[in-house]
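As the structure is a prediction and not an experimental result, all values here were calculated from the model. Values below: all heavy atoms of this structure, side chains included; hydrogens, waters and symmetry mates excluded. Below, read A as the first sequence line, B as the second, and so on, with proteins coming before strands; counting in each chain starts at 1.
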Amino acid sequence: MNGKAIIALEDGTVFHGSSFGASGERAGEVVFNTSMTGYQEILTDPSYKGQIVTMTYTLIGNYGVNEADCESWQPWVEGFVVKEYSKIRSNWRSEESLSDFLNKYNIIGIERVDTRALTRHIRERGAMKAVISTIDLDPKSLVRKAKKSAGLIGRDLVREVTYGEVREWSRKGKYRVAAIDCGIKYNILRLLESHGCKVTVFPAGATAEEIKAIKPDGLFLSNGPGDPEAVSYVYNTVEKLVNDGVPTFGICLGHQMLGLALGGKTYKLKFGHRGANHPVKNLKKNTVEITVQNHGFCVDIESLDERDVEVTHINLNDGTLEGMRHKKLPVFSVQYHPEASPGPHDSVYLFKDFTDLMEKHRAKKN
Amino acid sequence: MPKRTDIEKILVIGSGPIVIGQACEFDYSGTQACRILKAEGYKVVLINTNPATIMTDPMMADSTYIEPIIPEVIEKIIEKERPDALLPTLGGQTALNAAVAVSELGILDKYNVEVIGADIHSIKKAEDRESFKKAMQKIGLDLPMSFQVDNMRDAQSALSKIGFPVIIRPCFTLGGVGGGVAYNNDEFKHIVQKGMAASMVGAVLIEESVIGWKEYELEVMRDHNDNVVIICSIENFDAMGVHTGDSITVAPAQTLTDKEYQIMRDASIACIREIGVDTGGSNIQFGLNPRDGRMVIIEMNPRVSRSSALASKATGFPIAKIAAKLAVGYTLDEIPNDITKKTPACFEPTIDYCVVKIPRFTFEKFKGADTTLTTAMKSVGEAMSIGRTFKEALQKGLRSMEIGLSGLEDLKTEPSPDQLSERLRVPNSQRILCVKHAIANGMSLDELYEITAIDPWFLHNMKELVEFEGRLKSVSRKGLAASGKELLREAKEYGFSDKQLAGIFGTDEITVRRHRKKIGLTPTYKLVDTCGAEFEAFTPYYYSTYEWEDESRA
């Protein structure tokens, strides 16, 4: 701890700082997140696999870390960049320091970085490959390594974060839900459970037949990391299930899986949406939801056949697609995170929409 | 929905004389309102007692009445001007109280004047403590135990249920005038009597003490389409028991996890909806038990407040201006964010720096005044500072007070152990310097927390400043030049001024400045942009700091 650390970008930009987590060296795509709270949820969100996360808020670690606020069983980021790591943690729920937590899971943290300069750089030049290191302190060598690193495009990161076997999340519930785990956050599962779902979580590689075997009332498609086009095995499965008429709800990567399954295309955003303050317009209710977002890829509105797909939510900052619904099939999805954690609870109603959809479908069947 | 076309003329009530608890921030908000309403094509009629304000400058309103803000005068103005609407939420408590008074006299009904911003029913629901309590209980929010009373016998019976210490708050006053904390029976009787006299309705609230709890405030805005956003969260350095106007406060909240912050956000949204503030800003205060996290709602101001002015400066989001637009019918998603131009005002600002507000006292002008800080506001002004860290912002704030401090300095005279302990225990304007003195003299943070109830997070940051100053002192004998650029850079990042450094190195400010320039150690300027650099900003609102990149375009 307190040794030197460097983050070097593939375009030659280098930031020096001090280490506050594990030592070592990792490559990833460097992105920024504008949430002022929730660093623990961000660190443990599997969607950040393959990424080095910069927090724009300057003081991080203030309230420590606790078991209950984890979004999976471990942190996934490749590195964590902050302005000032708080040497004190003060909160009645705090169980350990952020530094100890990062050390335990071998995650490199770097502080004393001009995170605003780094953020502005990413905003101007786009999210890019980078290397974070506490062992090689030669900027030129690190830039070379950043250039050579794998990057996100075309890479299947889902395989690395999906839990290897079928899990029963909740044993009771009115609705039998099959969730495809591409890196599912715990709060999605908690909310499905509290909305009366008996959830079976399938690994991302599960086949349509395996999923159909449990006779689900509904299918849930989770969030997850990386390039959606690289996980064709998931959207091919989704396509089969959706066309069978299974009521389906997708979040984030799950929304992108649906987009691809319905014949649409995805593209990479310049620097993505990561934060807890993004305004999304609900076009049906004509109201605005403040949402938490975490995505670097997006479903192209133009690529969707408007005879089949209706746009339900739109981002007010840049007009990108945030939610859609199929006009004939019982299928809907959002690009943002109604499960929050971290972030506002404005969009939790979508979980109720999902159970209502299953209820309606069930009534139709009987 | 676009702006309303069914109203043409709007009466704006100003905030009257500058008094403790209500100063120029309401001139600022009122002026913003007049400007916006005029720009939107409405005829603006303004009443304000105080001619020494910007809002009463010629051209601000179509007609300006410099008259006492009392119902009889307001009625005459209404009779003559025949406004369609009355906007009372941008002139502080004075305007709000005046609006309630004219409404109750039937004046608004008589002349068919519509109250915009917040309706009278909502104002009363928020301001009357008994109805506020009922409303909050209805939406499942916890409050400190309390009883509203209007006579001494009921007051005593309330006391017997709560026990000492107990808070006494008069109903319908500004700046908490006439309230206080009672630790014994004599104090109790005295404060209750004073409070009843100060209250517009002769009533006080006897309340369970949450002294020593953590205190938070959220600035909330709502439009008539029921979109609600949080503009800013504020955490008080001084624990509950000190009026928020007299507290050192920090934005954003520092020691809440996201789970806890979201509970507070949900509570704020539920509160503004239940109270029924249709459009505009409200300020909602919470107390939090540091031991178990029990959260209680303390109060809600259904108007633009002193904290809104702070939140506007802290985030770059112009609350008063937006509140005026919302009052005439716009929705948040229809109003552009002035700073980014491309994104709408319907979002929640995120900040990438730390803001510290420090109250300014002038007890030297009030000989014999009790300088203890309690629930009645005593400060006459404040300074707000921005830094990348709390440590930097705290030092900048202290030297902006214009009370001769150039940062977190030492006390001028060494207090005796008894004096120190008293000044740490009982909140007062010098307490922050006493905290520093105690840390520098080896008092443990646990003990300090026990005595002051100031959160350990703040205390530890102060300790880091004290320790760093110690490091500087230990090398000071070698002289400035020999101390190295890295150490001086760190000193500047920690917010040490050249004058402080001059004191430590035994030289003068100019010498430090020259040396600093020689070694290329100069400030950088960063933008306040509402969005943590996610979008390009067009408004030149900067703060200075010591970082690697300078964004100034000058």
Can a side-chain donor-acceptor contact be found between A:N277 and B:T350 if the only test is distance below 3.5 angstrom? no
Step by step, would you call B:E464 with A:K87 a salt bridge (charged side-chain N to carboxylate O under 4.0 Å, His left out)? CA-CA 9 Å; B:E464 288 178 70; A:K87 276 73 184 172; 5.1 Å; no
Pick one of side chain, backbone, both or neither for B:D292, based on which atoms fall under 4.5 Å of a heavy atom in chain A. backbone
Looking only at heavy atoms, which two atoms of B:Y353 and A:Y57 are closest? And how far apart? O-CE1, 3.4 Å
Counting only heavy atoms not in B:R294, do more than 12 fall under 6.0 Å of its CZ? yes
Output the distance between atom CG (B:D333) and atom CG (A:N286), rounded to the nearest 0.5 Å. 7.0 Å
Inter-chain contacts: residues 251-259 of chain B against chain A, heavy atoms under 4.5 Å: B:P252, B:Q254, B:T255, B:L256, B:T257, B:D258, B:K259
Among A:A68, A:S341, A:G343, A:P279, which has the most heavy-atom pairs under 4.5 Å with chain B? A:G343
Roughly how far apart are A:W92 CH2 and B:K214 NZ, rounded to 0.5 Å? 6.5 Å
If you round to the nearest 0.5 Å, how far is CH2 of B:W457 from CG of A:L59? 5.0 Å
Rounded to the nearest 0.5 Å, how far does CH2 of B:W548 lie from OG1 of A:T115? 13.5 Å
Atom CZ of A:R112 and atom OG1 of B:T389: how far apart are they, to the nearest 0.5 Å? 10.5 Å
Per-residue contact mode, B:P456 against chain A (heavy atom under 4.5 angstrom): both
Under 4.5 Å heavy-atom distance to chain A, tell me which part of B:L332 shows up: side chain, backbone, both or neither. neither
Does any non-hydrogen side-chain atom of B:K463 lie less than 4.5 Å from one of A:I88? no
If one checks every heavy atom of B:Y261 against chain A at 4.5 Å, the contacting part turns out to be side chain
List the steps, then state whether side chain to side chain contact (heavy atoms under 4.5 Å, CB included) holds for B:N227 with A:K281. CA-CA 10 Å; B:N227 295 311; A:K281 186 143 200 173; over 6 Å; no
Quick check: closest heavy atoms across A:A117 and B:K526, and the distance to 0.1 Å? N-NZ, 4.2 Å
Between B:E536 and chain A, with a heavy-atom cut-off of 4.5 Å, which part of the residue counts as in contact: side chain, backbone, both or neither? both
Quick check on A:K270: does its NZ atom have over 12 non-hydrogen neighbours (other residues, nucleotides or ligands) under 6.0 Å away? yes
Measuring from atom NZ of A:K285 to atom CG of B:D226, what distance do you get when rounded to the nearest 0.5 angstrom? 11.0 Å
Could you tell me whether the side chain of B:R388 and the main chain of A:T58 form a donor-acceptor pair under 3.5 Å? no
Counting a contact as any heavy-atom pair under 4.5 Å apart, which residues of residues 35-44 of chain A contact chain B? A:M36, A:T37, A:G38, A:E41
Part of B:D529 lying under 4.5 Å from any heavy atom of chain A: side chain
Please classify the contact of A:S86 with chain B as side chain, backbone, both or neither, using a heavy-atom distance under 4.5 Å. side chain
For B:Q262 versus A:P344, what's the shortest heavy-atom pair and its separation? OE1-CA, 3.3 Å
Can you tell me which portion of A:V280 sits under 4.5 Å from chain B's heavy atoms? Options are side chain, backbone, both or neither. neither
Within a reach of under 6.0 Å around CD of B:E450, are more than 12 heavy atoms found that belong to other residues, nucleotides or ligands? no
Which portion of A:R89 sits near chain B, non-hydrogen atoms under 4.5 angstrom: neither
I'd like to know if A:R116 pairs up with B:E547 as an ion pair, taking the criterion as any Lys NZ or Arg NE/NH1/NH2 lying under 4.0 Å from an Asp or Glu carboxylate oxygen. no
Have A:N317 and B:E534 got a donor and an acceptor in their side chains that come within less than 3.5 Å? no
Taking C-beta and beyond as the side chain, do A:D346 and B:R265 meet within less than 4.5 Å on heavy atoms? yes
Where do A:I290 and B:C346 come nearest, in terms of heavy atoms and distance? CD1-O, 4.1 Å
What part of A:F32 gets within 4.5 angstrom of chain B, counting heavy atoms only: side chain, backbone, both, or neither? side chain
